[in-house]
Number of protein chains: 2
Amino acid sequence: MRILLTSLGAMPANDVEALLTSHAIAVEHIPSAEHAQLYARTYSFDIIVLHLASASTAAIDLIGRLRAIEGRSTPVMVVARQMAASDQALLLDAGADDVVMLPSDGKILCARLRAAVRRTVGFTRSVLQVGPVELDMAGRSVTVAGQPVHMSATEFRLLELLLLRKNSVVRKETMLHALYDNDEPEIKSVDVMIHRLRKRLAGAGLDSFIATVWAAGYIVRQADEPAVTPTAALPPHPRGATPAPRRIAGAVTQ
Amino acid sequence: MRILLTSLGAMPANDVEALLTSHAIAVEHIPSAEHAQLYARTYSFDIIVLHLASASTAAIDLIGRLRAIEGRSTPVMVVARQMAASDQALLLDAGADDVVMLPSDGKILCARLRAAVRRTVGFTRSVLQVGPVELDMAGRSVTVAGQPVHMSATEFRLLELLLLRKNSVVRKETMLHALYDNDEPEIKSVDVMIHRLRKRLAGAGLDSFIATVWAAGYIVRQADEPAVTPTAALPPHPRGATPAPRRIAGAVTQ
DNA sequence: CCAACCGATGCGCATTTTGCTGACCAGCCT
DNA sequence: AGGCTGGTCAGCAAAATGCGCATCGGTTGG
């Protein structure tokens, strides 16, 4: 964990440094806030600890500037000796991730440092991607090669289903069951929805993204790791490849 | 801001509830931790406040389970009356986002709540900013392009909800639950509220800030940051499918 | 090798679902 | 009393959906 420790004004942060180092946490102590900004801009830290005397406007500005550094994700923790409650609230609202009053227990300070660092990592947006198609589950949006593509609700859910089950055949009955809670329409509607979905994708310049598996369903194949070119590698039809004449066995998802 | 308040064991959290409500923060108080888990699984909250007596293993388990609910990492704040430093550190390392000792100043508690919530959704200050819109969670004020815009209480909470959930679709049912503690009105009221909120923003010269996602809800999208997308450039494809509608409808980005 | 068959595809229309907007009325707080 | 707020309703507009029908294409059996 890389920690940048600095202070504003004439605050000696030596005691804080001693407290942290005594808990086996290495800090980089830059006494001048100006230098600290340069430092944080050049190198990357997990957290910035700011030793303050009061909640001055200069301090609030500094918090804002430190947070804005490096893709605005570095957490800032403020330590101070004495501070009014309203000032603490002010600093928190201004962007400080935590405010700790000194003297503080070393264990707590370290745990708070870890907590602040842990929080800022891990922004995962649920995006399914297969080839040029990206589907944002949270934002309910689809892009093909970066271009946004409009989808109706059912089309979206259908594409979501196919992407979740990529590389395996999805049967029409499965789609019907997944798309409708109850009151399922005729199975033919699935064909129509597939057709409409294909038309949407074709409108974005993407053809044959959803493949038809005859008498089984549909499939979206992941094309990454292109050791073999799937377009050319599709044999017309291996005549004797299917020993079972009527039932097609294979990777069929329920 | 949607807050779930619960406690472990026989801890009455009524004083915490009173403290928060006295600061105009609405909480949902579920006395039983078991029920609270079910509740958090069903609805989505911005933060879970957990009233503890001590750092028991049950408490640590509960924190882990609450955090893991529904994929979305809901922040958990622990409030307690007295606790050893090592126990506080334990809870923080177990996944708690903040630990506050009671009695605490209401201002600080609220500011810490705001800080914990905004961190987990990607904001850096308690002033939520998306495009020209700035919403001050602490000051309960809204500005559009620097100009203050008056909002009613419901409109403010609705906008706050949309901003906290930026880039993800908010369903109408979620809004209904977030806007009303009990006695929910009909779902159609959400349409009207959105309409009124849009009219406020339009009065400040801002159009199509809140986009409709058909059959799903509403969304506020943040224009993507200057991060360039070096996607393989596809030749411009002929498209006549999207004739640029007057009103943004459906799952279309931007 | 050919033809019949059956599933897949394409298209258009009528219907249903969903969203938008203005209006009305009932509380509530000045 | 009067304005602000908030819930409900009705009418309208738009999007989405289901289905019928025609056609295409592969599979299969002779």
Side-chain angles (χ1 to χ4, degrees), chain A residues 140 149-159 169-173 175-176 179-203 207-219 234-242 244-248, chain B residues 140 149-159 169-173 175-176 178-203 207-208 210-219 241-252:
Chain A
R140 278 273 209 303
V149 175
H150 176 86
M151 295 259 159
S152 87
T154 334
E155 287 157 9
F156 183 88
R157 273 184 290 170
L158 187 54
L159 182 59
V169 176
V170 184
R171 294 190 310 133
K172 291 185 184 181
E173 292 79 11
M175 297 176 177
L176 208 59
L179 256 46
Y180 307 91
D181 293 338
N182 43 18
D183 228 41
E184 297 176 356
E186 293 189 10
I187 195 83
K188 184 184 176 322
S189 300
V190 173
D191 297 303
V192 180
M193 287 320 300
I194 287 282
H195 168 236
R196 283 172 180 158
L197 180 53
R198 276 173 171 162
K199 205 153 66 175
R200 297 264 193 217
L201 297 175
D207 262 334
S208 52
F209 181 74
I210 303 167
T212 306
V213 182
W214 231 78
Y218 300 92
I219 188 174
L234 267 176
H237 258 298
R239 272 290 174 175
T242 50
R246 291 212 55 89
R247 266 273 169 248
I248 293 184
Chain B
R140 301 191 68 79
V149 175
H150 174 77
M151 296 249 161
S152 82
T154 323
E155 288 157 7
F156 181 88
R157 285 202 285 170
L158 186 55
L159 184 58
V169 174
V170 184
R171 295 190 312 131
K172 292 183 183 181
E173 292 79 12
M175 296 177 179
L176 214 56
L179 257 44
Y180 309 91
D181 289 341
N182 44 16
D183 224 44
E184 294 173 0
E186 296 200 2
I187 195 83
K188 227 165 139 31
S189 302
V190 174
D191 295 296
V192 183
M193 273 299 150
I194 287 282
H195 176 232
R196 284 170 179 162
L197 178 54
R198 276 173 170 163
K199 212 149 62 173
R200 295 265 193 216
L201 298 175
D207 239 340
S208 48
I210 303 168
T212 306
V213 182
W214 234 79
Y218 299 92
I219 188 173
T242 45
R246 185 181 62 85
R247 190 180 62 233
I248 294 182
V252 181

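Below, chain A is the first sequence line, B the second, and so on; all start at residue 1.
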Original post:
Mapping B/Ala215 and A/Arg198 to their closest nucleotides on DNA chain C, which lands nearer the 5' end?
Top reply: A/Arg198
In whole angstroms, how far is the [atom2] atom of [N] from the [atom1] atom of [X]?
| X | N | atom1 | atom2 | answer |
| --- | --- | --- | --- | --- |
| A/Leu158 | D/dG18 | CG | C1' | 15 Å |
| A/Glu173 | C/dG7 | CD | C1' | 12 Å |
| B/Asp191 | D/dG11 | CG | P | 17 Å |
| B/Leu197 | C/dT21 | CG | P | 13 Å |
| B/Ile194 | C/dT18 | CD1 | P | 17 Å |
| B/Lys199 | C/dC20 | NZ | P | 13 Å |

Subject >> Test item: A/Arg157 side-chain N/O and A/Leu179 main-chain N/O as donor-acceptor pair under 3.5 Å >> reply: yes
Original post:
Where the side chain of B/Arg171 meets the backbone of B/Ala216, is there a donor-acceptor pair that is under 3.5 Å apart?
Top reply: no
Original post:
Can you list the steps and then say if A/Tyr218 with A/Ile194 is a side-chain contact (heavy atoms from CB on, under 4.5 Å)?
Top reply: CA-CA 9 Å; A/Tyr218 300 92; A/Ile194 287 282; 3.7 Å; yes
**OP:** Kindly express the pairing pattern of DNA chain D in dot-bracket notation, using | wherever a base pairs with another strand and counting only Watson-Crick or G-U pairs under 3.5 Å.
**Re:** ||||||||||||||||||||||||||||||
Tell me whether the side-chain N/O atoms of [X] come closer than 4.0 Å to OP1 or OP2 in [N].
| X | N | result |
| --- | --- | --- |
| A/Lys172 | C/dA8 | yes |
| B/His195 | C/dT21 | yes |
| A/Tyr218 | C/dG7 | no |

Original post:
So B/Leu197 and B/Leu159, side-chain contact (heavy atoms from CB on, under 4.5 Å) or not? Walk me through it.
Top reply: CA-CA 8 Å; B/Leu197 178 54; B/Leu159 184 58; 4.0 Å; yes
**OP:** With rounding to the nearest 0.5 Å, note down the distance linking NE2 in A/His195 to CD1 in A/Ile210.
**Re:** 11.5 Å
Subject >> Separation of A/Asp207 CG from A/Arg198 CZ (nearest 0.5 Å) >> reply: 10.0 Å
**OP:** Heavy atoms only: give me the nearest A/Asp191-A/Lys172 pair and the separation to one decimal.
**Re:** OD1-NZ, 2.6 Å
Original post:
Where is the tightest heavy-atom contact between B/Leu176 and B/Glu186, given as atom of each residue plus distance?
Top reply: CD1-O, 4.1 Å
Would you list the protein and nucleotides 3-9 of chain D atom pairs, both N or O, that sit under 3.5 Å from each other?
| from | atom 1 | to | atom 2 | distance (Å) |
| --- | --- | --- | --- | --- |
| D/dT5 | OP1 | B/His150 | NE2 | 2.6 |
| D/dT5 | OP2 | B/Arg200 | NH2 | 3.3 |
| D/dG6 | OP1 | B/Thr154 | N | 3.3 |
| D/dG6 | OP1 | B/Thr154 | OG1 | 2.5 |
| D/dG6 | OP2 | B/Ser152 | OG | 2.4 |
| D/dG6 | O5' | B/Thr154 | OG1 | 3.3 |
| D/dG7 | OP2 | B/Tyr180 | OH | 2.6 |
| D/dG7 | N7 | B/Arg196 | NH1 | 3.3 |
| D/dG7 | O6 | B/Arg196 | NH2 | 2.6 |
| D/dT8 | OP2 | B/Glu186 | N | 2.9 |
| D/dT8 | OP2 | B/Ser189 | OG | 3.0 |
| D/dC9 | OP2 | B/Glu186 | OE2 | 3.4 |

Subject >> Short N-O contact, B/Glu155 and B/Arg196, less than 4.0 angstrom >> reply: no
